[in-house]
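What follows is a short report on a single structure.
In what follows, every chain begins at residue 1, and chains take the letters A, B, ... in the order their sequences are listed.
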Protein chains: 2
Amino acid sequence: MRADARTNRARILDAAEAVFAEGGDAASTEEVASRAGVGIATVFRHFPTKPQLLEAVLVGRLERLRDQAAALVDGLEPGSAFFDFFATLVEDAAGKIAIATALSEAGGGAAPEATRASGELRAAVGKLLERAIEAGAVRADVELPEVYALLVGVSRAAVYTALDANVRDRMLAIVFDGLRA
Amino acid sequence: MRADARTNRARILDAAEAVFAEGGDAASTEEVASRAGVGIATVFRHFPTKPQLLEAVLVGRLERLRDQAAALVDGLEPGSAFFDFFATLVEDAAGKIAIATALSEAGGGAAPEATRASGELRAAVGKLLERAIEAGAVRADVELPEVYALLVGVSRAAVYTALDANVRDRMLAIVFDGLRA
DNA sequence: GAATATAGGGAGTCGTCACTCCGGTTGTCG
DNA sequence: CGACAACCGGAGTGACGACTCCCTATATTC
């Protein structure tokens with residue numbers, strides 16, 4: 001692969017992430033191309049169909065989240081590691097439709113890479129949850145599926161209602177209380 | 001207004017509700033028309049633009065929810081009235097993209113009717129919450145905005161993750177615990 | 001039951017968007 | 001530095017969806 005091809009690919013991915021974060025997947029490919037400073041054909045050469053471009057963005061996001069979660073697993077406090085990850089993710093999701101979509105599109109489509117990445121993130125969150133339960137910071141009868149669902153739901157709420165930070169924190173506090181007591 | 005016009009209008013609204021519930025607002029107007037058993041032109045005569053059709057569906061849903069909430073206010077137990085409404089709404093939202101959208105689109109667009117209906121629903125939920133707090137079923141420091149945000153979020157989670165009933169109930173239980181303790 | 005306004009239907013129109021074709025450009029390797 | 005392959009860009013193309021035009025059909029009114 002030639003050098004300019006590699007940098008263009010990266011530029012396209014960055015632009016696509018920004019564009020889809022703002023406009024959702026309804027945003028046009030042409031918008032992505034112009035934001036990346038390349039022609040449309042270049043976008044389609046790197047990602048032959050729009051779903052494939054969306055998948056690439058999705059996988060990037062999921063892997064970054066997975067790495068964040070994995071890094072926190074080896075951190076010090078299991079309890080705050082779990083809650084911090086939860087809160088950070090929701091905070092990041094505000095204004096970024098794509099993150100919420102990334103979370104929930106978990107293997108819904110027939111995109112193998114996305115399914116894999118989603119599974120890995122889920123596993124990383126599972127580890128975080130497990131440690132938090134062992135440390136007594138989360139109720140023992142809480143399981144991964146409902147935690148994941150809450151993560152998805154609260155993220156989407158943050159995206160779709162123009163939530164100011166205050167309300168968002170109060171909402172998180174309620175959910176966290178439910179996870180603890 | 002002629003009789004057939006009235007029945008056609010109702011048929012279109014019903015069809016639109018079903019179609020948009022399944023496919024989201026990306027579903028085509030032609031699909032709505034054929035499901036209603038009328039021509040496309042008829043749909044456009046009653047609702048001159050697609051946003052207006054969407055708004056009409058939205059207002060219908062919001063008003064029905066508002067009525068449900070209002071009916072529960074005069075019911076017997078304030079605590080279970082609140083939690084029942086919450087649970088019922090989330091249950092109904094599963095598989096119906098439109099309900100979740102209806103909740104969150106709350107005055108986002110410049111649609112006056114929708115804004116009004118959304119405000120009325122919000123007020124009805126507010127009453128429900130107020131009574132529940134007075135009865136000691138919900139913590140006193142909980143306020144409407146975060147409750148509404150949770151309603152939106154949990155509904156969307158139910159829609160976008162293929163949530164089975166079991167996980168959905170466990171998720172609700174966590175949120176309810178957070179609202180109580 | 002005839003006259004008339006009102007409503008319906010389906011074949012268009014127009015714009016948009018995903019995707020392609022081909023002539024020009026540029027990195028790379030001997 | 002020159003030649004070749006890899007890459008780029010932008011003007012197309014085809015499909016699809018929102019919306020319109022106009023002729024036909026039906027409800028209403030006297």
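- Note on A:Thr29: every side-chain N or O is 4.0 Å or more away from OP1 and OP2 of C:dC17.
- Taking the ring axis of B:Phe20 as reference, the NZ or CZ atom of B:Arg61 does not stay both within 45° of it and closer than 6.0 Å to the ring centre.
- The side chain of A:Ser28 has C:dC17 as its nearest neighbour among C:dC17, D:dC8, C:dG9.
- Between the CD atom of A:Glu30 and the P atom of C:dC19 there is a distance of 13 Å, rounded to whole Å.
- D:dT20 atom P lies 11 Å from atom CZ of B:Arg45, rounded to whole Å.
- Classification of the B:Phe83-B:Phe176 ring pair by plane angle, with boundaries at 30° and 60°, yields tilted.
- The CZ-P distance, from A:Arg6 to C:dT28, rounds to 8 Å in whole Å.
- To the nearest angstrom, P of D:dA27 lies 11 Å from CG of B:Asn8.
- Rounding to whole angstrom units, CZ of residue B:Phe20 and P of D:dG17 are separated by 12 Å.
- At least one side-chain nitrogen or oxygen of A:His46 sits closer than 4.0 Å to the OP1 or OP2 atom of D:dC8.
- The pair B:Glu91-B:Lys96 fails the salt-bridge criterion, with no side-chain N (NZ, NE, NH1 or NH2) lying under 4.0 Å from an Asp/Glu carboxylate O.
- A salt bridge is defined here as a Lys NZ or Arg NE, NH1 or NH2 lying under 4.0 Å from an Asp or Glu carboxylate O, and B:Glu17 with B:Arg64 meets this definition.
- Straight-line distance from the CZ atom of A:Phe44 to the C1' atom of D:dG14: 14 Å, rounded to whole Å.
- Along DNA chain D, the nucleotide closest to B:Met1 and the one closest to B:Ala26 are compared, and the more 5′ of them pairs with B:Ala26.
- Regarding A:Ile40, its CD1 atom lies at a distance of 13 Å from the P atom of D:dG12, rounded to whole Å.
- Looking at the side chain of A:Thr49, the nearest of the listed nucleotides D:dC19, C:dC19, D:dC8 is C:dC19.
- For C:dA7, the base has no donor-acceptor partner in the side chain of B:Arg2 [N/O atoms by modelled type, under 3.5 angstrom].
- Note that A:Arg131 lies outside the cation-pi zone of A:Phe82, set by a 6.0 Å cut-off to the ring centre and a 45° limit from the axis.
- Residue contacts shown for B:Ala27 are limited to sugar-phosphate atoms, with no base heavy atom under 4.0 Å away.
- Among the nucleotides C:dG9, C:dG27, D:dC8, the one closest to the side chain of A:Ala3 is C:dG27.
- Comparing A:Lys50 and B:Asp4 against DNA chain C, the residue whose closest nucleotide sits nearer the 5' end is B:Asp4.
- Within 4.0 Å of B:Ala5, counting heavy atoms only, lie sugar-phosphate atoms of the nucleic acid but no base atom.
- Taking atom CG of residue A:Leu54 and atom P of nucleotide C:dC19, one finds them 10 Å apart after rounding to whole Å.
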